Undergrad: 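Structure below; questions to follow.
Since the structure is predicted, the reported quantities are computational estimates derived from the model, not experimental observations.
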Amino acid sequence: MSSSSRRAVLRGLALAVAATAAPLSARTPASAHSKASGASEVSEVSEVSAGRVPPLRQMRGMWIASVANINWPSKPGLSAQQQRAEYAGWLDLARARGLNAVFVQVRPTADAFWPSPYEPWSQYLTGVQGRDPGYDPLAFMVAETHRRGLAFHAWFNPYRVSMQADPALLHPDHPGRRHPDWIVSYGGKLYYNPGMPEVRAFVQDAMMDAVTRYDIDGLHFDDYFYPVNTTAFDDSEAYARHGAGFPDLAAWRRENVDLLVRETQRRVRRVKPEIAWGISPSGIWRNRATDPLGSETSGGQSYDNLHADTRGWVRKGWLDYIAPQLYWYIGQSNADYAKLVPWWSGVAAGTGTQLWIGQAAYKAGAAGQPAEWARPDELSRHLTLNEGHPEVGGDIWYNSGDVRDDRIGSISAVVTGHYTRPALTPLLPRLASGRAPGRPLVLLARRVRDGVELRVLAGGRDVPFQYAIFRLDRPAGPGDLGDARHLIAVVPARRDLRWTDPAGAGGTGGAYYHVVAVDRAGRLSPPSTARRAR
């Protein structure tokens, strides 16, 4: 085996070790922290050898859930230092798995992970709703995420107020205490009433506060609107007041959710037009037996059960992306993943709305799941199937704890089969024509003991968000930089960057490097001129 081949194998092993690191409650060592803040590096195993051309852009996200302390913080009452260390560990995990984005729940139950003038501090931080955690978690998370070269999507639950049903247990200054008529108790939980215009305006104000004040990359809703099986959800008074002209209660409720989605889009576009706005709904809009436009399924229908017209939002252009939660295995009788991906691809086709797939990492290898989820390659097969549908622009994994646990090696199979090269996040079509970042200059590429050191100087006045670094055995020709075959790293940008490619010193001819600047929206600069390693 050649020395370069040995180095490639060792790097692949290092990636595998990093991907199964120690529990994330431990503080990240300084050395690991320093490495994590640099490039998103990859092993030299090529997806091309498996018959795939790795995409230059692909959403590779994971959800970090805060409600009930599912993922982060791991329990309430941790010190600010402990919370920061845990969050940095999740980012280390994301990079080790080849991901490029995190979707972090910052408003799980009408509360806040930032100092909000609208709602109290979340109890999942300190154990007591309204208690200041001693720092600004959202500001820290955004800065730390960007420092690692990852995108930060702020995840909000619009209408859930509490995981328990007693309004008296809310903070005394909670909006639900000050406006008890806004609250509906149902199923052991409290909800804001979506049928009240003042509630809809308030929840938008509360969420837009974070959008306006923080440097987030996206505003994200999950699949909770009206609660499931809502026959006992008592909104009769609001319906009597506001439901005139609608044929029935269900049509009025759908209009209420439609208004939330449409108005949120308008406000996001007005305040932060370059961030992504999207929703990860339940994976079935309607079954074909109910509606000829529906999917060949027989599961719960978001249109009817949650009053969420998810197909309509896409077709009407109200979202930048939709990420349906396709939490079923290939061949499942009532909801076949292999049938739902083509259906959603057809919905998104020609709309300009990005399609990303919500993947059920939590089911792979989990006790009590059907035998199909015991297949280590089930999730990898999902991504292989996606490749036949160009509308699919990537995946988001639920949840980060399952991405970490990697039961039966299911996540490792995804990484080795599909994420061996880095990928840039998708570019929203509506932003493609904006001003591109300046062309960077590669001042040097010199052999050093640890590989090849590059020095990259930003072009133009603004420092870009990232540099995409390509390595070839010759100067790039047409099409060489259009995919990730030669992409070796995505690096957080600086005005004057020095970065070492540990694999570049192999061979005798000297590698050629091109660098492309990437802005926060994902727009690309022209590539730098080639610089040969000397």
Side-chain angles (χ1 to χ4, degrees), residues 156-161 179-187 189-205 207 221-268 277-319 322-325 334-335 340 343-344 346-351 353:
F156 303 84
N157 187 293
Y159 288 125
R160 184 171 58 203
V161 172
H179 303 279
D181 56 315
W182 287 9
I183 300 296
V184 178
S185 178
Y186 173 80
K189 298 182 177 70
L190 299 176
Y191 298 86
Y192 283 136
N193 189 339
M196 300 179 68
E198 58 268 44
V199 167
R200 191 173 65 249
F202 173 81
V203 298
Q204 290 177 53
D205 289 343
M207 295 182 292
F221 285 0
D222 54 22
D223 58 328
Y224 291 101
F225 296 98
Y226 281 89
V228 178
N229 299 324
T230 50
T231 54
F233 186 84
D234 187 8
D235 55 355
S236 56
E237 185 176 338
Y239 180 48
R241 192 182 316 134
H242 303 291
F246 291 91
D248 53 35
L249 177 65
W252 173 72
R253 286 176 170 174
R254 273 190 296 276
E255 173 65 9
N256 294 331
V257 180
D258 279 357
L259 285 170
L260 174 70
V261 173
R262 187 163 71 248
E263 290 167 359
T264 300
Q265 182 202 45
R266 290 171 179 166
R267 294 185 67 168
V268 170
W277 147 238
I279 297 176
S280 58
S282 176
I284 297 174
W285 171 69
R286 300 192 94 184
N287 299 311
R288 189 171 297 173
T290 303
D291 190 317
L293 295 176
S295 52
E296 193 178 339
T297 50
S298 57
Q301 306 171 113
S302 64
Y303 183 92
D304 303 275
N305 294 351
L306 303 175
H307 305 291
D309 184 9
T310 55
R311 179 184 182 276
W313 304 338
V314 176
R315 302 303 295 180
K316 295 170 184 175
W318 293 350
L319 302 172
I322 194 161
Q325 298 174 22
N334 64 326
L340 280 160
W343 187 86
W344 278 105
V347 170
T351 65
T353 301

Undergrad: Given side chains that start at C-beta, do those of Trp277 and Val261 come closer than 4.5 Å, heavy atoms only?
TA: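 Answer yes - side chains close enough.
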Undergrad: Apply the ring pair (Phe, Tyr, Trp, His ring centres under 6.0 Å) test between Tyr226 and each candidate in Tyr159, Tyr303, Phe233; give the one that qualifies.
TA: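 That would be Phe233; it is the only one of Tyr159, Tyr303, Phe233 passing the ring pair (Phe, Tyr, Trp, His ring centres under 6.0 Å) with Tyr226.
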Undergrad: Measuring from Thr353:OG1 to Trp344:CH2, what's the distance to the nearest 0.5 Å?
TA: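 It comes to 10.5 Å.
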Undergrad: Give a yes or no on whether the ring-centroid distance for Trp313 and Phe225 is below 6.0 angstrom.
TA: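 For Trp313 and Phe225, the ring centres are under 6.0 Å apart.
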Undergrad: Answer whether the closest heavy-atom distance between the side chains of Pro324 and Thr310 falls below 4.5 Å.
TA: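 No, too far: nothing below the 4.5 Å cut-off.
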Undergrad: Assess the residue pair Val347 and Ile322 against the criterion (side chain to side chain contact (heavy atoms under 4.5 Å, CB included)); give the C-alpha distance rounded to whole Å, side-chain angles, the decisive distance to 0.1 Å, and a yes or no.
TA: CA-CA 10 Å; Val347 170; Ile322 194 161; over 6 Å; no
Undergrad: Do Phe221 and Leu260 make a side-chain contact, defined as non-hydrogen atoms from C-beta onward lying under 4.5 Å apart?
TA: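 Result yes, sub-4.5 Å side-chain heavy-atom pair found.
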Undergrad: Taking all atoms of both residues into account, what is the closest heavy-atom pair of Ser280 and Gln325, and its distance?
TA: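 Minimum heavy-atom contact is O-NE2, 2.9 Å.
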Undergrad: Report the C-alpha distance between Asn287 and Thr297 in whole Å, list the side-chain angles of each, state the deciding distance to 0.1 Å, and finish with yes or no for side-chain hydrogen bond (donor to acceptor under 3.5 Å, both in side chains).
TA: CA-CA 5 Å; Asn287 299 311; Thr297 50; 2.6 Å; yes
Undergrad: More than 12 foreign heavy atoms under 6.0 Å from OH of Tyr224: is that the case here?
TA: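 12 or below, so no.
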Undergrad: Is the shortest side-chain heavy-atom distance between Arg254 and Val257 below 4.5 Å?
TA: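 A side-chain contact is absent here, since even the closest heavy-atom pair is not under 4.5 Å.
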Undergrad: Are Lys316 and Asp258 close enough, and set up right, to give a side chain to side chain contact (heavy atoms under 4.5 Å, CB included), and what steps lead you there?
TA: CA-CA 11 Å; Lys316 295 170 184 175; Asp258 279 357; 4.3 Å; yes
Undergrad: Less than 4.5 Å apart, any side-chain heavy atom of His242 and any of Asn256?
TA: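 A side-chain contact is absent here, since even the closest heavy-atom pair is not under 4.5 Å.
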Undergrad: Identify the heavy atoms of Tyr191 and Arg160 that sit nearest to each other, and give their distance.
TA: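 Smallest interatomic distance, heavy atoms only, reads CD2-CA, 4.1 Å.
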Undergrad: Does the side chain of Asn157 reach to within under 4.5 Å of the side chain of Asp222, using non-hydrogen atoms?
TA: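 Yes - at least one pair of side-chain heavy atoms lies under 4.5 Å apart.
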Undergrad: Does Asp223 form a side chain to side chain contact (heavy atoms under 4.5 Å, CB included) with Ser302? I'd like the steps, not just the answer.
TA: CA-CA 9 Å; Asp223 58 328; Ser302 64; over 6 Å; no
Undergrad: Atom CZ in Arg286, atom CG in Asp309: separation rounded to 0.5 Å?
TA: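 If we round to the nearest 0.5 Å, Arg286:CZ and Asp309:CG are 9.0 Å apart.
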Undergrad: Are Tyr192 and His179 side-chain neighbours, meaning at least one heavy-atom pair lies under 4.5 Å?
TA: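 They are not in contact (no side-chain heavy atoms under 4.5 Å apart), so the answer is no.
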Undergrad: Is a side-chain donor or acceptor of Glu296 paired with a backbone partner of Arg288 at a separation under 3.5 angstrom?
TA: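 No: the side chain of Glu296 does not pair with the backbone of Arg288.
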Undergrad: So does Glu263 have more than 12 non-hydrogen atoms from other groups sitting under 6.0 Å from CD?
TA: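 Correct, the count exceeds 12.
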Undergrad: Taking the side chain as every heavy atom from C-beta outward, state whether Leu319 and Gln265 have any pair of such atoms under 4.5 Å apart.
TA: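 Not in contact.
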Undergrad: Answer yes when Arg241 and Asp235 have at least one side-chain N-carboxylate O distance shorter than 4.0 Å, and no when they do not.
TA: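 Answer for the salt bridge query: no.
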